[in-house]
Engineer: 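There's a structure below that I have some questions on.
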Amino acid sequence: MLKYIIQRLLAMIVTLFMIATITFFLMHAVPGGPFASEQKVPPEVQKALEDKYHLNDPVIKQYFDYMSGLIRFDLGPSFKFKGVTVNSLIQRGFPVSAKLGIFSVLAILVLGIPLGVIAALKHNKWQDTCVRFTATIGITVPSFVIATVLLYIFALKLRILPSFGIETWKGYVLPVAALSGYSVSFVARLTRSSLLEVFRQDYMRTARAKGLGESKILIKHGLKNALIPIVTVLGPLIAGLLTGSFVIESIFAIPGMGGYFVNAISNRDYTVIMGITVFYAAFLLIMIFIVDLIYGLLDPRIKLGK
Amino acid sequence: MNDTISDRKPSLDFTPVRASREESEAVTTPSLTYSQDVWRRFKKHKSAMAGSIVIILLIFTAVLGPIVSSHTYYEQELDYANIPPLLEIYKISEDSYIYLHKHLKVIRVTPEGRLIERVKPLKDDFLKKTMLYEINGVEIIIDYNELPVVMHDTQGQQFEMTKKMNKSYLLGTDALGRDLLIRVIYGARISLLIALIATLANFIIGVIYGGISGFAGGRADMIMMRIVDIISAIPLTLYVILIMVILGAGLQSIIIALSSVYWVGMARIVRGQVLALKEQEFILAAKTIGVSTFRILLKHLLPNALGVIVITATMLIPSAIFLEAFLSFIGLGVSAPMASWGTLCSDSLEALRSFPYQLFVPAMAICITMFAFNFLGDGLRDVLDPKLRK
């Protein structure tokens, strides 16, 4: 087990290193420096700026500087905001995004799984049809369409929820609904089909024959086995939440990482783009790793490290 | 009860079949080939049929729409900015009708709902918050002291109002007075192009890459799959955004970005299929009679994996369309004046409160397309691979 964890951690570091390298060279492949697009500045100023950010060093030196910074968790300064480092942007933005993300994961667990269970228990009844119908909508409609339509209905027409900001709990309702719409639907659909599959297994009949209570059968034998495929998709789903937050945060004017990222893209603020990409990648790899560990705990048949 | 049954005599309606053995054992219906069988099952699958019909209609509109339409996607008519698809028409006199816009613009219209021209006010009194118009000799006063705006003639008489469809611009116009319908149709062109590109990338790069990796095995497979792992370690969206930042916004860049990373999912699935298939006896048989590797790959492995490949390709189309709309929405997609569904949606946000139809039109277009492709994908999965059915 320990060997497996160490192995995985090493693989993660290698992957992260590759990602950082790729992003670095992609960013430096752009013709013209980050300041080239700005209004005409005197060549001296241009040179001073480039010197300040070490842009006149050979690319290899810049690369090693960046990498050694990365080891010390230093992602460098922002090109567009004076005196702001990428680290401080992440420190400011990440807690906000994380809060939104945690609420969305909660929505998956509290809404998605129970809805799937209800649909499976009431197979082919109206409850099932309802869940399947809403889940199909949730999966097919893009998050920014859900977000804007919700914004129009609840914030502009009914005026019961705020259209931007997260000062009160009400502010969270729309962004979380828009952000988790896809994942909740996906998990509900997956829970349903996976439970239906489990219901057909022999051990379910055995459990019933032993005289176990219905709720115990459902939880101990049904859900525990049905949850395995759900845990496997949680990793990619969290990834979806992260990228989904780019657009949700800019629609609802939430000062999170996604908003900074989108702004950095339109500002061509390369260090911020690089830094946030590397941060996202690291975060994701850790998430997928944790999910894999849970996966092993849930299903003893899966031997970790093989 | 018993005697009623025993009373029954063998019915005389039955006559013994007098047919020769050859006749009775003859195959009456022709046996179906695989593709015929698939087509038969596909025709029975209602949602898949509906999905493909919608997609065919969509392709027709995307191709023919711009030819048929009298508007262009870039032509601006600032006088007719933000005109909704449903007009409230006021009858001023026997043969003159006007439409009062939310921005207090008065536009003369025909009784059927065709726009004629914008009328300039005679007088705009900012202090009293009234505007004076003269149309065909009738003086109209628009009073915007309070909402809703009141419109009446000099005697304070209000006009008769009817609701009519906008005949000049069927789905209304955007903030610059461009026809929304034709812009949505151009958006459909872009989305379908993206669908095509994603499918091609999947088929060409994904299938070949996965096929080689699975078939070669050993170290080559290891290295090729590590590359795929690294690409898929961060979400594809992030990669595409990175590539877009470098290449700059535009349709070309989306296509390059999409085709450079969008095949990894397909590569993995094809590799898995090939790994499973290449151990089977028929491959061994082909090898023993000396069939070349390339031929085995092309003639034996791929046709057997084709079902899964087609399903995966169809399932990946909606996410490619979504990705393009998403990129355009955050400002990395096609640039103005070209329209994509994503840019149309994000443009509509500025005036969402007053002109929600500008959001609903492209949003509906995206939803319908996504539904169609999803239904088609689900249907193909049911039809081509009944084992996967859930």
Side-chain angles (χ1 to χ4, degrees), chain A residues 11-12 14-16 18-19 22-23 26-31 136-137 139-146 148-149 151-153 155-157 163 189-190 192-194 196-197 236 239-240 242-244 246-247 250-251 258 261-262 264-266 268 270 273-274 276-278 280-282 284-285 288, chain B residues 47 226-227 229-249 265 318-319 321-332 341-342 345-346 348-349 352-354 356 358-360 362-375 377-378 389-390:
Chain A
M12 256 162 64
V14 172
T15 321
L16 207 57
M18 296 293 281
I19 291 167
I22 294 170
T23 359
L26 279 178
M27 285 291 144
H28 281 259
V30 191
T136 313
I137 292 180
I139 286 172
T140 39
V141 180
S143 59
F144 64 87
V145 174
I146 299 183
T148 42
V149 171
L151 188 73
Y152 177 70
I153 296 173
L156 297 184
K157 277 279 137 176
S163 59
R189 202 156 87 161
L190 195 65
R192 173 183 171 275
S193 60
S194 148
L196 285 178
E197 189 76 34
L242 281 178
T243 40
F246 296 168
V247 72
S250 49
I251 290 177
F261 192 67
V262 175
I265 289 169
S266 41
R268 298 282 186 269
Y270 295 121
I273 300 177
M274 252 189 315
I276 295 184
T277 307
V278 172
Y280 266 138
L284 254 161
L285 288 173
I288 291 171
Chain B
S47 60
R226 285 298 83 72
I227 295 174
D229 277 351
I230 288 171
I231 294 180
S232 53
I234 45 177
L236 289 188
T237 322
L238 216 55
Y239 261 115
V240 175
I241 290 176
L242 275 183
I243 296 173
M244 297 289 297
V245 170
I246 290 149
L247 297 175
S319 56
I321 293 178
F322 166 71
L323 192 56
E324 184 275 325
F326 176 84
L327 288 172
S328 300
F329 190 89
I330 62 174
L332 275 177
W341 290 341
C345 276
S346 80
S348 76
L349 283 184
L352 187 57
R353 195 185 293 264
S354 316
Q358 287 178 9
L359 167 69
F360 293 141
M364 278 305 283
I366 300 179
C367 295
I368 290 172
T369 313
M370 299 286 265
F371 270 116
F373 276 108
N374 268 306
F375 282 152
D378 279 345
R389 192 192 300 230
K390 276 186 180 163

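Chain letters run A, B, ... following the sequence lines, proteins first and then strands; every chain starts at 1. Everything numeric in this text was worked out from a predicted model, so none of it was measured. Computed from heavy atoms alone, side chains included, the values below leave out hydrogens, waters and symmetry copies.
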Engineer: Under a 4.5 Å heavy-atom cut-off, does chain A meet the side chain of B/Phe375, its backbone, both or neither?
Structural biologist: side chain
Engineer: Minimum heavy-atom separation for A/Phe144 and B/Ala325, please, with both atom names.
Structural biologist: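 Where A/Phe144 meets B/Ala325 most closely, the heavy atoms are CZ-CB, 3.6 Å.
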Engineer: Out of B/Pro356, B/Ala363, B/Ser346, B/Ser319, which one racks up the most heavy-atom pairs below 4.5 Å with chain A?
Structural biologist: B/Pro356
Engineer: Hey, what do you get for CG (B/Asn374) to OG1 (A/Thr140), rounding to the nearest 0.5 Å?
Structural biologist: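 The distance works out to 5.5 Å.
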Engineer: Contact part of A/Ile251 toward chain B, heavy-atom cut-off under 4.5 Å: side chain, backbone, both or neither?
Structural biologist: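 Only the side chain of A/Ile251 comes within 4.5 Å of chain B.
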Engineer: Do the side chains of A/Thr148 and B/Cys345 get nearer than 4.5 Å, heavy atoms only?
Structural biologist: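 Not touching, per the 4.5 Å side-chain cut-off.
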Engineer: Output the distance between atom CZ (B/Phe329) and atom OG (A/Ser250), rounded to the nearest 0.5 Å.
Structural biologist: 6.5 Å
Engineer: Take the angle between the ring planes of B/Phe360 and A/Tyr152 and call it parallel below 30°, perpendicular above 60°, tilted in between.
Structural biologist: perpendicular
Engineer: Should we count CE of A/Met18 as having more than 12 external heavy atoms under 6.0 Å?
Structural biologist: no
Engineer: Counting only non-hydrogen atoms closer than 4.5 Å, does A/Val149 touch chain B with its backbone (N, CA, C, O), its side chain (CB onward), both, or neither?
Structural biologist: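 A/Val149 touches chain B through backbone and side-chain heavy atoms alike.
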Engineer: Supply the atom-to-atom distance A/Thr136 OG1 to B/Phe371 CZ, rounded to the nearest 0.5 angstrom.
Structural biologist: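 Going from OG1 on A/Thr136 over to CZ on B/Phe371, the span is 6.5 Å.
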Engineer: Tell me, for A/Ile137 versus chain B, whether the close heavy atoms (under 4.5 Å) come from the side chain, the backbone, both or neither.
Structural biologist: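 For A/Ile137, backbone and side chain are both near chain B.
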